[in-house]
Amino acid sequence: MSNYDRIYTTVRQIPWGKVATYGQIADFSGLYGKARLVGYALFRVQIEDDIPWHRVINAQGEISYSLQRQGGDYLQKVLLEEEGIEFNKSGKIDLNKYRWQPNFNFLSSNLD
DNA sequence: TGCGTGACTCGAA
DNA sequence: CTTCGAGCCACGC
């Protein structure tokens with residue numbers, strides 16, 4: 001199983017209405033300290049891949065904007081708002097309120 | 001085979 | 001608050 005496969009598997013566990021940071025995904029995928037890989041992996045995700053990529057945001061509680069995303073970053077904000085997630089004046093999400101907390105069963109099976 | 005290119009994070013100054 | 005360095009994968013040409 002490649003690192004990217006592990007990342008995708010973890011991202012698919014994020015429930016509706018919750019978000020996770022790149023660092024969290026890396027940690028839960030057995031890739032501690034490699035948050036950057038998560039960004040690299042999500043860059044390659046396609047709509048038909050059935051991966052809730054929009055639920056992954058950066059550690060500051062913001063969407064990572066980039067010219068390379070061709071508007072996909074804006075779509076991310078729309079999708080999150082459709083799940084009831086709120087953005088404050090600075091465009092930030094309250095991680096204390098929306099951060100995903102994976103359960104023990106998932107972690108132990110995913111980090112085997 | 002080598003090189004360029006990407007959705008990151010954290011601590012230190 | 002801002003900037004900087006280090007960490008260091010996968011893919012296409």
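Reminder, nothing fancy here: chain letters follow the sequence lines and each chain counts from 1.
Residue A/F28 is grouped with residue A/V45 when hydrophobic side chains (ILVMFWY) are merged at heavy-atom distances under 4.5 angstrom, including chains of intermediate members.
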Solution key, residues 70-79 of chain A side-chain donor-acceptor pairs under 3.5 Å, sequence neighbours excluded:
residue: A/D73; atom: OD2; partner: A/S66; partner atom: N; Å: 3.2
residue: A/Q76; atom: OE1; partner: A/R69; partner atom: NH1; Å: 3.2
residue: A/Q76; atom: OE1; partner: A/R69; partner atom: NH2; Å: 2.9
residue: A/Q76; atom: NE2; partner: A/H54; partner atom: O; Å: 3.0
residue: A/Q76; atom: NE2; partner: A/V56; partner atom: O; Å: 2.8
residue: A/K77; atom: NZ; partner: A/E81; partner atom: OE2; Å: 3.0

Using a cutoff of under 3.5 Å, can you pull out all pairs of nitrogen or oxygen atoms linking the protein to nucleotides 3-9 of chain C, with atom names and distances?
residue: C/dG7; atom: O6; partner: A/R36; partner atom: NH1; Å: 2.8

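Along DNA chain B, the stretch of nucleotides lying under 4.0 Å from any heavy atom of chain A spans, 5' to 3', B/dG6 to B/dC10.
Residues A/I7 and A/T10 have side chains not in contact (no heavy-atom distance under 4.5 Å, counting atoms from C-beta outward).
Within the structure, salt bridge (charged side-chain N to carboxylate O under 4.0 Å, His left out) pairs that include any residue of residues 9-26 of chain A do not occur (at least two apart or interchain). Pairs engaging residues 101-110 of chain A under the salt bridge (charged side-chain N to carboxylate O under 4.0 Å, His left out) rule: none recorded [sequence neighbours left out].
Under the rule for a side chain to side chain donor-acceptor pair (under 3.5 Å), the partners of A/K97 that lie at least two apart in sequence or sit in another chain are A/E86. With sequence neighbours left out, A/E62 forms a salt bridge (Lys or Arg N to Asp or Glu O under 4.0 Å) with no residue at all. Every residue was checked against the side chain to side chain donor-acceptor pair (under 3.5 Å) condition with A/S90, not counting sequence neighbours, and none meets it. With sequence neighbours excluded, no residue satisfies side chain to side chain donor-acceptor pair (under 3.5 Å) with A/R44. For A/D27, there are no side chain to side chain donor-acceptor pair (under 3.5 Å) partners at least two apart in sequence or on another chain.
Between the CD atom of A/E62 and the C1' atom of C/dC1 there is a distance of 13 Å, given to the nearest Å.
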Run A/Y22 and A/I25 through side chain to side chain contact (heavy atoms under 4.5 Å, CB included) and show every step you take. CA-CA 5 Å; A/Y22 295 93; A/I25 299 304; 5.8 Å; no
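The main-chain N or O of A/A41 is found under 3.5 Å from a side-chain atom of A/Y8 such that the two form a donor-acceptor pair. Using modelled atom types, one side-chain atom of A/Q24 and one backbone atom of A/W100 make a donor-acceptor pair closer than 3.5 Å.
Using a 4.0 Å cutoff on non-hydrogen atoms, no part of residues 84-101 of chain A comes near DNA chain B. A heavy atom lying under 4.0 Å from DNA chain B marks the following residues of residues 14-22 of chain A, by number: A/T21, A/Y22.
Across the C1' atoms, C/dG7 and B/dG6 are found 15 Å apart, a figure rounded to whole Å.
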